[in-house]
Amino acid sequence: MKLLHITCSPRAQESHSARLAQAIVERLCAVHPAMQVQLRDLAAEPLPHVDGAYADALAGKAPVGTAAGALVRSDTLIAELVQADAIVLGTPMHNFTVPSALKSWIDHVLRIHRTFAPTPEGHKRGLLRNRPVYIAVAAGGMFLGERARQPDFLTPYLRAVFNTMGLHDLHFFVLQATVRGPEALAAAWDDALRQVARLAAPQPAPLELQD
Ligand SMILES: Cc1cc2nc3c(=O)[nH]c(=O)nc-3n(C[C@H](O)[C@H](O)[C@H](O)COP(=O)(O)O)c2cc1C
């Protein structure tokens, strides 16, 4: 079973979201024998923004599949997704949503005719086989629950992104209030690690579907 592990915090070893994602990876490796993990570190190796040729190709102005620039990178990143049986993503909240490093990855993989297709009614239909996605989120303040005092454009956005590609089996693990002092941080970690400890082995998706 293949696991794609994506991380994007600029804080490297200090990152809460990266450490929580790592705990999820370790748990999944413990409960699933012979897990192969591929790491895509979007902070250590940032992706360039998509370029004009890519935008033109997606708008149908050049043949999609032309081997150039961002299209090649996009093909590589989509292949990583296609090959993965499960995905673990660690992300901080930056300005109420995902960091720009992760947004750039999304621009490369959420691609018309490759990971989604338009329907005659104007909807987007996912082209990827469903598979579990485990998402570790770290935020300095509160964005979920009664004590939230800021908007959350992160979890609904990631839900829309993955659902659009056909990935509906999403599991969020949230560390809130990471900058609200050691007690709040310790409580958030306890809660998140309890959730991680309950994780069962991911179920492989049926083979007859897309990809
Ligand atoms: C550029 C930037 C923007 C941030 N925006 C928010 C925000 O909108 N809401 C919030 O709760 N915390 C925000 N934070 C705080 C981070 O979410 C918090 O430090 C979190 O622990 C970062 O995750 P990491 O430890 O995985 O890097 C921001 C931090 C940075 C650097």
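Counting starts at 1 for both ligands and their atoms, following the listed order.
For atom 28 (C) of ligand 1, the closest non-hydrogen atom of the protein is M93 O, 3.5 Å. From the protein, the heavy atom lying nearest to atom 5 (N) of ligand 1 is N95 N, 2.8 Å. In terms of protein heavy-atom proximity, atom 31 (C) of ligand 1 is closest to H94 NE2, 3.6 Å. Nearest protein heavy-atom contact of atom 22 (C) of ligand 1 is P92 CB, 3.5 Å.
Those atoms of ligand 1 that come under 4.0 Å of a heavy atom in H16, given as number and element, are 21 (O), 24 (P), 25 (O), 26 (O). Taking a cut-off of under 4.0 Å to the non-hydrogen atoms of G141, the atoms of ligand 1 that pass are 10 (C), 11 (O), 12 (N). Counting atoms of ligand 1 from 1 in the listed order, those under 4.0 Å from a heavy atom of S9 are 24 (P), 26 (O), 27 (O). Ligand-side atoms of ligand 1 in range of T178: 18 (C), 19 (O), 20 (C), 21 (O), range being under 4.0 angstrom from any heavy atom. Close contacts between ligand 1 and Q150 involve ligand atoms 7 (C), 8 (O), 9 (N), 10 (C), 11 (O) [criterion: under 4.0 Å to a heavy atom].
Between F143 and ligand 1 there is no heavy-atom distance shorter than 4.0 Å.
Distances between N or O atoms of G140 and those of ligand 1 include at least one value under 3.5 Å. Backbone and side-chain nitrogen or oxygen atoms of M142 are examined, and none is located within less than 3.5 angstrom of a nitrogen or oxygen of ligand 1. Annotation: F96 places an N or O atom under 3.5 Å from an N or O atom of ligand 1; distance criterion only.
Note on M142 and F173: separate hydrophobic clusters, where clusters join Ile, Leu, Val, Met, Phe, Trp and Tyr whose side-chain heavy atoms are under 4.5 Å apart, directly or indirectly. Taking hydrophobic clusters as Ile, Leu, Val, Met, Phe, Trp and Tyr residues chained together by side-chain heavy-atom distances below 4.5 Å, V161 shares a cluster with F172.
If you check the side chains of H49 and D51, you find no donor sitting under 3.5 Å from an acceptor. Looking only at atom types and distance, the side chain of D107 has no donor-acceptor partner in the side chain of S104 under 3.5 Å away.
Counting non-hydrogen atoms of other residues, nucleotides and ligands closer than 6.0 Å to CD of E146 gives a total of 12 or fewer.
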- Start with the C-alpha gap between R129 and D85, add the side-chain angles, then the distance that decides, and say whether side chain to side chain contact (heavy atoms under 4.5 Å, CB included) holds. CA-CA 9 Å; R129 155 176 64 94; D85 299 296; 3.8 Å; yes

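Residues D75 and R111 are paired through a salt bridge, judged by an N-O separation under 4.0 Å between the basic side chain and the carboxylate. Taking 4.0 Å as the cut-off between side-chain N and carboxylate O, D190 and R194 do not count as a salt-bridged pair.
Grouped by direct or indirect side-chain proximity (heavy atoms under 4.5 Å, Ile/Leu/Val/Met/Phe/Trp/Tyr only), F153 sits with F96.
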